[in-house]
Amino acid sequence: MSALEVDVVVIGLGPGGEHVATELAGAGLRVLGVERRLVGGECPYYGCIPTKMMVRAAEVVAEARRVPELAGSATVLPDWSAVAERIRREATDNWDDAVAVRRLTDAGATFLRGTARITAPGQVEVLDHDNQPHTITATKAIVLNPGTEPLIPPIPGLAGTPFWTNREAVRTEYVPDTLVVLGGGAIGLEFAQLFARFGAEVHIIEPQDHLAALEEPEAAALLAEIFADEGITVHTGAGAKSVSHQTNEFTLTLTNGTPVTGTHLLVATGRKTDFEALGIGNLGLDPTTRTLPTDDRLKVAEGVWAVGDIVGHGAFTHMSMYQADIVIREILGRPGPAAQYHAIPRVTFTNPELGSVGLTEKQARAQGHNIRTGLTRLEHSSRGFVHKVGNRGLIKLILDTDHNTLLGATAMGPAGGEILGALAMAVHAKIPLETLQQFIGAYPTFHRALSEAVKALA
Ligand SMILES: Cc1cc2nc3c(=O)[nH]c(=O)nc-3n(C[C@H](O)[C@H](O)[C@H](O)COP(=O)(O)OP(=O)(O)OC[C@H]3O[C@@H](n4cnc5c(N)ncnc54)[C@H](O)[C@@H]3O)c2cc1C
Ligand SMILES: NC(=O)c1ccc[n+]([C@@H]2O[C@H](COP(=O)([O-])OP(=O)(O)OC[C@H]3O[C@@H](n4cnc5c(N)ncnc54)[C@H](O)[C@@H]3O)[C@@H](O)[C@H]2O)c1
């Protein structure tokens, strides 16, 4: 048992927690960072970075296969070992965080590998990897950044089978023969397409009526069309009723009675946080909550702040970093604006990329806004004509007709996530429709289609 007094304890060192710990230590505070897995969190080791390396490799394979339509012939022999090797060497250091730990301690923070639990206001207990308890007093702040774990649904037969989550999928050294993906959200969609492009037979099971259920239905429909063209089997409107695993094969029975089999099963059905284990009940907060309510400066309770997925304003690295900056200012007593959530951008890195910002049409109507929508297809643009194969995409705008500003937008297409940048700025800065109508897009770019979408609002 050891006892330590610091100014700030950061529990969980995901992208936001690592940033908070590094900056506060650099500003001269006594900071303890506690991480039970890897410093940096899900994003660099099991999330954004390795998966985007996989997506990039699969995109190159898909582009090479398009050579016959535009440029003669090419023989494509995809080899997963190149992807696995790049992830091991360039992304994750073979899942070793020594460099990140050094960066933290070089900034002046103390690091403890273990699991932290709040025991009382300003009090944290850490059980380290040798099962030794440490009692920590935080005189100034506790910052919570525990992130999320894969949520495994209670489907009969699933527990105990050798299914994958994102963590096993990122570490794979081979491409599955047949991959069944449970869940047609961001994780399921990205893995489904990239493994299919590397030769896996892929089935997606999504209980909602369409893939990417939170996105615009036009974007979801286009994605389903493109996935079907790429040979991916999509089962929507039916979940899995039961799962069994025998002699290297999973069999799932869907709620509509359809059997689906595969050599591998990827569970991508959302995320969860164990708030009970984190001890938030000892702060007088509800440990059964799904996300942690904060004020607009990310404060949870006196002396306690939260950043990242647990805040519930988008489980994205950019949100974790955005919130971390606010918390750093708050703890250092520096002035700055409160958090704003009207223009949260998100990009699902399928091909085409599906980018969106702010509200969808359905969300805007549900919130009672008076709206008009405008939609244009990228394949009908000059750039789409030039691009030819792989040119499908769309831009959809949601206009608040009371204020003549955009409430939300979707940009899907080649570089959809990049086109989204302009739309995210328009929603963020509440640029008036009259100004958007004067926008000049360079010819012939994909972003020039923004003007067509604005015209379609009329
Ligand atoms: C497959 C996948 C792909 C993704 N792709 C993208 C993408 O392209 N773009 C994007 O913006 N986002 C993406 N995300 C989401 C992104 O990874 C997260 O939003 C991001 O990591 C921010 O999470 P966080 O800061 O809340 O914490 P996390 O990154 O989840 O880190 C939290 C850390 O806290 C630690 N911890 C938890 N409890 C304790 C405790 N009690 N004591 C000590 N340590 C603890 C955990 O071990 C973990 O390392 C992806 C996620 C996944 C799973
Ligand atoms: N590019 C990115 O930014 C990116 C990529 C991956 C993940 N992420 C983040 O990670 C989060 C988690 O991703 P996710 O895909 O796990 O969650 P998600 O919430 O995006 O999607 C989960 C999907 O699983 C479905 N589902 C729920 N229960 C099911 C069941 N029993 N059987 C089959 N399907 C079921 C849901 O209907 C939903 O469509 C995302 O919300 C996102 O914030 C971001």
Side-chain angles (χ1 to χ4, degrees), residues 9-20 33-52 54-55 97 112-118 124-128 144-155 158 165-167 169-170 180-191 204-215 220 235-236 238-241 243 252 254-255 266-275 277-279 306-311 314-321 323-324 344-350 353-355 417:
V9 180
V10 183
I11 300 180
L13 297 169
E18 187 184 7
H19 186 45
V20 169
V34 188
E35 170 56 56
R36 67 176 167 207
R37 290 164 65 91
L38 294 165
V39 173
E42 201 79 7
C43 179
Y45 296 101
Y46 300 105
C48 332
I49 298 299
T51 60
K52 264 77 267 180
M54 291 172 158
V55 166
D97 64 353
L112 191 51
R113 192 160 331 259
T115 299
R117 176 179 169 81
I118 298 170
V124 173
E125 186 168 293
V126 179
L127 204 56
D128 72 18
L144 302 173
N145 179 230
T148 53
E149 302 274 325
L151 186 157
I152 310 303
I155 301 170
L158 176 62
T165 66
N166 62 296
R167 293 177 182 168
V170 155
V180 181
V181 178
L182 260 191
I187 295 180
L189 294 171
E190 290 180 358
F191 278 120
I204 304 178
I205 297 168
E206 169 54 58
Q208 305 231 35
D209 286 341
H210 51 80
L211 298 176
L214 297 176
E215 301 295 343
H235 307 262
T236 47
K241 197 163 60 182
V243 178
L252 289 83
L254 305 194
T255 44
L266 171 66
V267 178
T269 51
R271 315 281 298 177
K272 66 165 187 337
T273 303
D274 188 347
F275 286 109
L278 198 58
V307 300
D309 294 3
I310 57 164
V311 176
F316 306 108
T317 292
H318 43 272
M319 295 313 293
S320 189
M321 298 297 286
Q323 291 161 345
I344 298 173
R346 52 204 181 269
V347 178
T348 301
F349 290 87
T350 44
E353 293 173 359
L354 199 182

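Just so it is clear, the structure is predicted and the values come from calculations on it, not from any experiment. Atoms within each ligand, like the ligands themselves, are counted from 1 in listed order. Just so you know, residue 1 is the first one in the sequence shown, and it goes up from there.
Remark: minimum distance from atom 5 (N) of ligand 1 to any protein heavy atom is reached at Lys52 NZ, 3.2 Å. Regarding atom 21 (O) of ligand 2, its nearest protein heavy-atom neighbour is Gly185 CA, 3.3 Å. The protein heavy-atom contact nearest to atom 30 (C) of ligand 2 is Thr269 CG2, 3.6 Å. Protein heavy atom at the shortest distance from atom 34 (O) of ligand 1 is Gly12 CA, 3.2 Å. Looking from atom 2 (C) of ligand 2 to the surrounding protein, the closest heavy atom is Val347 O, 3.3 Å. The shortest contact between atom 42 (C) of ligand 2 and any protein heavy atom is with Ala315 O, 3.6 Å. Of the protein's non-hydrogen atoms, Ile187 CG1, 3.3 Å is the one closest to atom 7 (C) of ligand 2. For atom 43 (C) of ligand 1, the closest non-hydrogen atom of the protein is Gly114 O, 3.3 Å.
Note: an N/O pair closer than 3.5 Å links Glu35 and ligand 1 by distance alone. The shortest N or O to N or O distance between Phe316 and ligand 1 is below 3.5 Å. At least one N or O atom of Ala186, backbone or side chain, sits closer than 3.5 Å to an N or O atom of ligand 2. Taking distance alone, with nitrogen or oxygen atoms compared against 3.5 Å, Asp309 approaches ligand 1 more closely than that limit. Not a single N or O atom of Pro207, backbone or side chain, sits closer than 3.5 Å to an N or O atom of ligand 2. On a distance-only criterion, Glu190 and ligand 2 share at least one N/O pair closer than 3.5 Å.
The part of Leu38 lying near ligand 1 is the backbone, judged by heavy-atom distances below 4.0 Å. If you look at Thr317 next to ligand 1, the close heavy atoms, those under 4.0 Å, come from the backbone and the side chain alike. If you look at Ile187 next to ligand 1, the close heavy atoms, those under 4.0 Å, all belong to the side chain. Contacts between Phe349 and ligand 1, counted as non-hydrogen atom pairs separated by less than 4.0 Å, involve the side chain only. Neither the backbone nor the side chain of Leu214 has any atom closer than 4.0 Å to an atom of ligand 2 (non-hydrogen atoms only). Residue His318 does not touch ligand 2, judged by heavy-atom distances below 4.0 Å. Of the heavy atoms in Cys48, both backbone and side-chain atoms come closer than 4.0 Å to ligand 1.
Atom numbering of ligand 2 starts at 1 in the shown order; those under 4.0 Å from a heavy atom of Arg271 are 12 (C). Listed by number with element, the atoms of ligand 2 under 4.0 Å from a non-hydrogen atom of Ile205 are 33 (C), 34 (N). Taking every heavy atom of Lys52 and a limit of under 4.0 angstrom, the matching atoms of ligand 2 come to 1 (N). When each atom of ligand 1 is checked for a heavy atom of Gly41 under 4.0 Å away, the hits are 29 (O), 31 (O), 49 (O). Residue Leu182 approaches ligand 2 through these ligand atoms, each under 4.0 Å from one of its heavy atoms: 32 (N), 33 (C). Set against the non-hydrogen atoms of Gln208, the atoms of ligand 2 under 4.0 Å away are 37 (O). Within ligand 2, counting atoms from 1 as listed, the ones closer than 4.0 Å to a heavy atom of Pro153 are 31 (N).
Shortest non-hydrogen contact noted between Tyr45 and Val170 is O-CG1, 3.5 Å.
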Can you give each donor-acceptor pair under 3.5 Å made by side-chain atoms of residues 204-214, sequence neighbours left out, with the distance rounded to 0.1 Å?
from, atom 1, to, atom 2, distance (Å)
Glu206, OE1, Gly184, N, 2.7
Glu206, OE2, Gln208, N, 2.9

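Side-chain atoms of His235 and Leu254, non-hydrogen and from C-beta on, do get closer than 4.5 Å to each other. Between Phe191 and Asn166, some side-chain heavy-atom pair lies under the 4.5 Å cut-off.
Of the charged side-chain nitrogens involved, at least one lies within less than 4.0 Å of a carboxylate oxygen, so that Arg167 and Glu42 count as a salt-bridged pair.
By the salt bridge (Lys or Arg N to Asp or Glu O under 4.0 Å) test, Asp97 pairs with Arg113, sequence neighbours left out.
The shortest separation from a heavy atom of Arg271 to ligand 1 is under 4.0 Å, placing the residue in contact. Note on ligand 2: Glu206 sits in its first shell, one or more heavy atoms being nearer than 4.0 Å. Taking 4.0 Å as the cut-off, Ala268 counts as a neighbour of ligand 2 on heavy-atom distance.
Here atom 17 (O) of ligand 2 lies nearest to Gly270 when heavy atoms of Gly270, Pro150, Gly314 are compared.
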